[in-house]
Structures are given as C-alpha cells and as structure tokens.
Amino acid sequence: MGTLKLKGKDLLKLGFPNNQSINIALEVMKRNFATKNIHHVKTLLKNILHEPQNFADDLTFGQIAEALLTSNKTEKRMLLQNRVPFQIFGNNISDETKNQLYTGLKLPISVQGALMPDAHLGYGLPIGGVLAVENVVIPYAVGMDIGCRMSLSILDTPISYLDGAKDKYEKALAEHTKFGMNEVHKTHIDNEIFERDTFDLIPILKRMKGKAHKQMGTSGGGNHFVEFGEVEITEEEAQIDLPKGKYLGILSHSGSRGFGAEIAQYYSRVAAEQCPLPKEAQNFAWLSLDSHLGLEYWTAMTLAGDYASACHDDIHRRLLKAVGGRVKARIENHHNFAWKEIHNGKEVIVHRKGATPANENELGIIPGSMTAKGFIVRGKGNPDSLHSASHGAGRQHSRGACKNLFTQNDIKKELKLKKITLLGGSTEEAPMAYKNINEVMNAQSESVDILGTFQPRIVRMKGK
DNA sequence: ATGTCC
C-alpha cells in the first residue's frame with residue numbers, strides 16, 4: 001500500500017498557520033488519500049485553507065476547516081491543583097493505580113471519578129477506573145478493547161446434561177469458538193451490523209470492514225474466554241423472569257477484536273496530537289464532542305460496541321446450534337465504553353474502563369475467575385461509584401509475575417480441585433492470578449445487589 | 001487488548 005508523501009513543511013508552504021491545523025490536515029489527508037496524486041491533495045488543501053467556511057460541514061474535511069477557524073488548539077492544557085470528587089472501593093489497590101486516577105481527577109474537563117475494587121494499573125485511566133467528564137471523550141479512558149463485554153445466556157437445558165454429556169460441550173467449545181490472533185470461522189451468516197452506513201461514512205471504518213467481517217464471532221486472547229457452567233438464580237427478578245434454581249449457562253468475555261483496537265489506537269493518537277497535556281496526563285488526551293473528530297470517534301466507538309455485541313451473539317448462536325437448547329434469558333453488558341448519562345442533575349460523559357455499568361435496576365454479570373463463581377448483579381445507582389461496579393475480581397499478580405509464580409502443574413492441580421475443565425489457557429491467566437472475588441463483591445455491596453451466580457465448568461481460553 | 005512495530 002502506498003503512503004501519501006505529505007509533510008508538515010508542505011502545509012506551511014501552502015500557507016497553513018503553524019498550529020494544530022497542520023497535524024489534523026496531515027491525518028485527514030493521509031487517511032483519505034493513501035495512494036492519490038499529491039497535487040490533487042495540495043489543491044484541495046489550498047481550497048480549504050482559503051475558504052474554510054465552505055468546508056465546515058463537510059464530513060471528511062470539516063475538521064481541517066474547524067482547526068483553521070479556531071486558532072488556539074495548540075495551547076497546552078494545564079492540570080488543576082485540586083481533584084474533583086472521587087471514591088475508591090476496596091482496600092487492595094496499589095498507590096500507582098490510585099495516582100493514575102488522581103491525575104485524571106485534575107483534568108480541567110473532569111467532574112467526578114471512582115475506582116472499582118478490582119482496579120489495577122492501565123494506560124491513563126486505570127483498569128477498573130470510572131471518570132465522568134464534561135462534553136468530551138477520552139479514547140484511552142474507554143480503552144484499547146472498545147466494547148469489551150460479558151454475555152451470559154441462560155438455557156432451558158437441564159443442568160445434569162453438563163456432566164451427562166460433558167464431551168459434547170467440550171467438543172462444541174473446541175470446534176465452535178475461535179481464539180488467538182489467527183483463528184477465524186470458515187463460514188458466516190449475514191449480520192445486520194455490516195449493513196450500517198457508518199462503515200462508508202468514516203474512512204478508517206471502511207478500511208477495517210473486511211477484517212471485522214473475517215473476525216466476527218472470534219474471541220481473541222488475554223483474559224477472554226467462553227465457558228459452559230452452572231447458573232444459579234438466588235433471587236427472583238422480573239427482568240430475568242426465571243424461578244430460583246440451577247440452569248446451564250454460556251458465558252463469554254471478549255470485545256471488538258482488531259476492529260476496535262485499530263479505532264482506539266487511531267483516535268488515541270489524534271487526540272494526543274490535538275490535545276497536548278503535561279506528560280503524566282498524556283494518555284488522558286480528549287476530543288471535544290462539539291468537534292468533528294470527537295463525533296467521529298463517538299460514532300466509531302458506538303459501532304465497535306455494537307460489533308462486539310454482535311460477536312457475542314454469534315458465539316452463543318454457534319454453540320447453541322452445536323449443543324441444542326433454547327435461551328431463556330440473556331444478561332450482558334459492556335465494560336469498556338463511554339456513555340452519556342445524567343449524574344447530579346447534569347449530563348456528563350462517563351468512561352468506564354473495566355467497570356460494569358450499575359445504574360439503578362440495570363442487570364450485569366461480573367465474572368470471578370475460571371475456578372471461582374461469578375455474579376449476576378442488579379445495579380443500585382450508587383452515586384459514589386458513578387453507577388458502576390467492578391468487571392471481575394481483578395489481577396493480584398501481573399502477567400509477568402505469573403510466569404515465575406505458577407507452573408502448568410499448579411494450574412492443573414487447582415483445576416482438578418475445583419472440577420473445572422480447561423481448554424487452552426496459560427500461566428499468565430492462572431486462576432490464582434486473580435483476587436478473591438468474594439472480597440471484591442463485599443467491597444461494592446453499596447453499588448450492586450446479587451441475584452445469582454455463575455460457576456464455570458468447561459472453560460476455553462487462548463492457548464494450547 | 002492488538003495480523004502484539006508500517
């Protein structure tokens with residue numbers, strides 16, 4: 001693939017002011033004219049420079065016009081002295097993690113923050129961090145895996161089948177789930193998501209459409225999993241509409257794959273260029289929701305979220321086809337995303353990076369580990385947590401540390417003890433790498449009520 | 001998290 005040979009110097013020569021408009025123009029042009037004639041591009045840039053108002057409403061070039069029409073974009077934003085209000089849940093969170101949140105709380109656009117009890121170090125906002133801001137979106141505070149989410153299908157299949165026909169369930173996971181960088185499904189059924197005109201409106205999405213289609217229904221790597229297990233409903237709830245008791249369930253954890261990752265990387269980079277911040281706050285660079293780029297990211301993020309959701313549906317559909325049974329209830333939620341919400345009577349943008357939305361009466365699923373029970377929860381709308389809860393137990397040992405701490409044999413022993421079958425997996429994802437989920441749940445009892453549990457029984461992850 | 005560094 002060719003690259004447009006356009007430099008900032010060329011733009012200065014054309015008469016562009018020496019400010020952010022140069023970076024933006026370079027980005028837009030490189031994105032839209034990867035292989036086009038440079039003279040054509042320069043003529044177009046000259047037209048935009050001389051009459052930016054004519055391009056102000058243009059979907060593609062509007063952001064260049066906007067940068068030319070507003071001159072102060074290069075001004076470095078300072079952090080404020082004081083932190084906006086926040087609450088930290090749980091007492092097992094490192095100082096470094098807390099410091100990451102504290103930096104976010106001093107941004108001039110911040111309104112309120114929180115750390116969930118599973119919080120640990122991330123880029124910019126920690127994993128398990130929640131940040132409410134005013135009228136901007138922070139790509140890195142959504143995270144690299146946009147729309148990473150949980151989906152639980154509760155089936156009408158008798159729970160005894162899990163033991164009675166264990167081979168069938170294992171085989172279904174082995175054959176019909178795809179993990180890692182290269183595994184994809186051989187065939188796909190039509191999916192509404194690929195009809196969306198958003199793909200054609202934003203160049204980066206258009207370019208990614210083929211890959212998104214190819215990766216549909218795959219799970220990726222890291223802490224992602226698909227598993228069969230035992231759902232137990234311990235409290236009846238109209239939204240679930242199931243009597244108390246045990247059910248066979250499918251639980252999946254994954255996100256928007258390469259599609260969302262590329263969106264996240266691209267807009268994090270342009271945000272960093274557009275929104276210079278002191279070094280410690282660089283990964284909090286934001287895009288205004290009154291700007292073209294901000295709205296573009298919001299649109300792309302929304303599509304990545306819907307794509308992630310469609311991937312889970314596809315995973316569950318394939319498994320259901322293989323093992324039979326019908327879905328009686330579905331509980332699902334994003335945990336890497338940004339939402340427009342009202343808090344304290346004011347509309348804010350709430351970023352949850354590794355945090356489960358827990359608005360009043362909102363259902364969610366918080367996994368434990370591959371051996372420990374996860375929880376079906378109902379949000380309490382706790383203002384202190386910005387209506388949020390943890391997205392799991394959280395790591396107590398880093399990936400690197402796990403390699404020295406645990407052997408494959410340690411994992412095997414733990415799995416045998418808990419009667420769990422694991423397909424794939426790695427020492428980095430050892431069940432012992434995670435905090436005690438019960439302590440995590442105790443630390444957020446003001447944020448969610450527990451309606452039931454999910455005990456994994458047959459788990460598939462990336463790996464041999 | 002990510003065809004894990006165009």
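The chains referred to below are lettered A, B, ... by the order of the sequence lines, with proteins before strands, and numbering in each begins at 1.
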(message) Using whole Å, what does the distance between atom P of nucleotide dA1(B) and atom CZ of F179(A) come to?
(response) 11 Å
(request) Would you please say whether a donor-acceptor pair under 3.5 Å links the side chains of R149(A) and H334(A)? (result) yes
(request) Please state how far atom CZ in R352(A) lies from atom C1' in dA1(B), giving the value in whole angstrom units. (result) 20 Å
(request) For K178(A) and dT2(B), give me the distance from atom NZ to atom P, rounded to whole Å. (result) 16 Å
(message) Categorize G255(A) for me: base, sugar-phosphate, or nothing, with a 4.0 angstrom heavy-atom threshold over every strand shown.
(response) nothing
(request) Find the distance N223(A):CG to dA1(B):C1' and express it as a whole number of Å. (result) 8 Å
(message) Could you tell me how far apart E183(A) (CD) and dT2(B) (P) are, to the nearest whole angstrom?
(response) 13 Å
(request) Quickly work out the E428(A) CD to dT4(B) P distance and round it to whole Å. (result) 17 Å
(message) Using 0.5 Å steps for rounding, measure from the CG atom of L101(A) to the CZ atom of F86(A).
(response) 7.0 Å
(request) Send over the distance from M181(A) CE to dA1(B) C1', rounded to a whole Å. (result) 9 Å
(message) Go through it in stages, so that I can follow the logic: the residues are Y266(A) and R31(A), the test is side-chain hydrogen bond (donor to acceptor under 3.5 Å, both in side chains), and I'd like the CA-CA distance, side-chain angles, deciding distance and then a yes or no.
(response) CA-CA 10 Å; Y266(A) 173 75; R31(A) 207 167 48 153; 3.1 Å; yes
(request) Could you check whether G221(A) gets within reach of a base, just the sugar-phosphate, or nothing at all, counting any heavy atom under 4.0 Å? (result) sugar-phosphate
(request) Nearest whole angstrom, please: distance from the P of dC6(B) to the CG of L4(A). (result) 19 Å
(request) Ignoring backbone atoms, test whether R257(A) places a side-chain nitrogen or oxygen under 4.0 Å from the OP1 or OP2 oxygen of dT2(B). (result) yes
(message) Check the phosphate of dC5(B) against R269(A), side-chain N and O only, distance under 4.0 Å to OP1 or OP2. Yes or no?
(response) no
(request) Please work out if Q215(A) contacts a base, only the sugar-phosphate, or nothing of the nucleic acid, heavy-atom cut-off 4.0 Å. (result) sugar-phosphate
(request) Respond yes when some side-chain nitrogen or oxygen of N336(A) is under 4.0 Å from OP1 or OP2 of dA1(B), and no when none is. (result) no
(request) Identify, with sequence neighbours excluded, every residue that meets salt bridge (charged side-chain N to carboxylate O under 4.0 Å, His left out) alongside R330(A). (result) D313(A)
(message) For residues 99-118 of chain A, which residue pairs pass the side chain to side chain donor-acceptor pair (under 3.5 Å) check, not counting sequence neighbours?
(response) D118(A)-H391(A)
